Amino acid sequence: TVAIFGGACSVIGLIYLAVLVNPLTSVIGAVTTIGTNTSIGPYVRVGVCGTIGDNVKVNSKAIIGNGVTINNGAVIGGQTHVGDGSSIGQNLVTGLSVYIGNGVTIGTGTGSVTISSSAWIKDGSAIGAGAKLGPSVIVGAGSTISPGVSLGMNTRVGNASSIGPNATVSSNAVIGNNNQLGTITLGSQSRLGDGDVVGNGAVIAASVISGLNVKVGANAAVGYDAV
């Protein structure tokens with residue numbers, strides 16, 4: 001059974017049902033558009049006033065909030081939550097049980113984004129095109145992960161922080177709140193305190209710990225012997 005819930009939006013539209021895979025108690029909200037060749041799995045909840053593009057796969061038990069846009073070719077993993085007003089770029093792939101908060105923007109620009117299982121993207125954050133987030137990564141509210149960034153497994157990024165294009169952050173690293181990081185390389189299990197600023201090209205070794213409001217210049221190397 002597929003239930004179509006009523007509702008009201010500021011823009012009046014139509015509801016289009018796509019291919020439904022085992023549609024057991026899936027719920028599609030009012031004024032929602034679903035594109036061609038898109039699959040909505042069983043027990044999925046889609047809110048009102050959303051747009052789901054062509055060739056999208058929304059797997060079982062996913063929850064899609066109100067006013068969400070999911071662009072063409074995205075794959076939303078099972079039990080994933082996409083919060084109200086979020087925008088999902090083309091060809092995003094999420095693993096299982098990913099939590100995407102309200103007002104999140106993912107994948108603006110060219111290049112697909114991969115978000116692995118159990119990652120948590122908090123409200124108002126932005127993930128650039130081509131970024132890759134490992135399992136159990138947490139991105140804090142209002143943070144910006146630029147295009148091409150790689151965040152290793154269990155990385156923690158605090159609130160209102162930014163990481164520059166094509167940066168590499170290894171597993172189990174912790175980045176505090178209000179940090180401004182350029183195109184850097186950060187080793188595993190390193191911890192950056194709140195308010196740190198790290199310039200482009202800086203390389204920080206594994207297990208380095210920095211305090212509050214530390215500034216590291218461009219192309220600096222921390223945790224390595226001089227050659």
Side-chain angles (χ1 to χ4, degrees), residues 65 77 80-89 92 94-109 113-223:
T80 288
H81 177 280
V82 181
D84 295 347
S86 290
S87 177
I88 306 301
L92 166 78
T94 80
L96 296 173
S97 301
V98 171
Y99 186 93
I100 298 170
N102 298 328
V104 171
T105 302
I106 297 178
T108 300
V113 175
T114 301
I115 302 177
S116 298
S117 296
S118 301
W120 183 7
I121 316 301
K122 295 186 180 182
D123 295 352
S125 54
I127 312 296
K132 299 190 182 305
L133 280 59
S136 301
V137 163
I138 296 176
V139 176
S143 287
T144 299
I145 309 301
S146 297
V149 170
S150 175
L151 301 180
M153 178 177 64
N154 295 321
T155 293
R156 303 290 186 266
V157 179
N159 299 329
S161 289
S162 63
I163 302 178
N166 302 309
T168 299
V169 178
S170 296
S171 61
N172 299 298
V174 176
I175 295 167
N177 300 316
N178 299 299
N179 285 347
Q180 300 176 39
L181 311 181
T183 300
I184 69 166
T185 300
L186 181 63
S188 63
Q189 301 184 15
S190 287
R191 304 176 69 90
L192 303 183
D194 295 347
D196 288 0
V197 178
V198 182
N200 289 330
V203 179
I204 299 174
S207 302
V208 169
I209 299 175
S210 72
L212 303 178
N213 301 313
V214 171
K215 292 180 172 57
V216 178
N219 302 312
V222 178

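Index from 1, following the sequence. Just so we're clear, the structure is a prediction, and the values are computed from it rather than from any experiment.
The minimum heavy-atom distance linking S146 with P165 is given by the pair CB-N, 3.4 Å. Taking every heavy atom of both residues into account, D123 and G101 meet most closely at OD1-CA, 3.3 Å. Closest non-hydrogen pair, R156 versus V137, comes out as NH1-CA, 4.4 Å. Nearest heavy-atom pair, T183 versus N200, reported as atom, atom and distance to 0.1 Å: N-OD1, 2.8 Å. Heavy atoms only, all atoms of each residue included: S116 and P135 are closest at CB-N, 3.3 Å. Minimum heavy-atom separation, G158 to S143: O-OG, 2.6 Å.
Judged by distance alone, with hydrogens and angles left aside, the side-chain atoms of N102 form no donor-acceptor pair with the main-chain N or O of G83 at under 3.5 Å.
Taken to the nearest 0.5 Å, the CG atom of N159 stands 11.0 Å off from the CG atom of N179. Rounding to the nearest 0.5 angstrom, the gap separating the OG1 atom in T155 from the CG atom in N172 is 7.0 Å. Within the model, atoms CG of L133 and OG of S118 stand 12.5 Å from one another, a figure rounded to the nearest 0.5 Å. For the atom pair OG of S170 and CE of M153, the computed distance is 11.0 Å after rounding to the nearest 0.5 Å. Rounding to the nearest 0.5 angstrom, the gap separating the CG atom in L212 from the CG atom in L192 is 11.5 Å.
For the pair N178 and D194, the minimum side-chain heavy-atom distance is 4.5 Å or more. In this structure, the side chains of S117 and L96 come closer than 4.5 Å at one or more pairs of heavy atoms. For the pair I163/L151, a side-chain contact is recorded, criterion being any heavy-atom separation below 4.5 Å from C-beta on. At a threshold of 4.5 Å between non-hydrogen side-chain atoms, the residues I106 and I115 count as touching. Side-chain contact check for I145 versus I121: every heavy-atom pair is 4.5 Å or farther apart. Put simply, the side chain of L181 does not reach to within 4.5 Å of the side chain of V169, judged on heavy atoms.
The aromatic rings of W120 and Y99 sit perpendicular, their planes meeting at an angle over 60°, well past the 30° parallel limit.
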Q | Derivation of the side chain to side chain contact (heavy atoms under 4.5 Å, CB included) call for T94 and V82 | A | CA-CA 11 Å; T94 80; V82 181; over 6 Å; no

Q. Please walk me through it: do N154 and S171 pass side chain to side chain contact (heavy atoms under 4.5 Å, CB included)?
A. CA-CA 6 Å; N154 295 321; S171 61; 5.8 Å; no

Q: Verify side chain to side chain contact (heavy atoms under 4.5 Å, CB included) between I88 and I100, making sure each step is shown before the conclusion.
A: CA-CA 10 Å; I88 306 301; I100 298 170; 4.3 Å; yes

Can you give each donor-acceptor pair under 3.5 Å made by side-chain atoms of residues 201-210, sequence neighbours left out, with the distance rounded to 0.1 Å?
residue : atom : partner : partner atom : Å
S210    : OG   : G193    : N            : 3.3
S210    : OG   : D196    : OD2          : 2.6

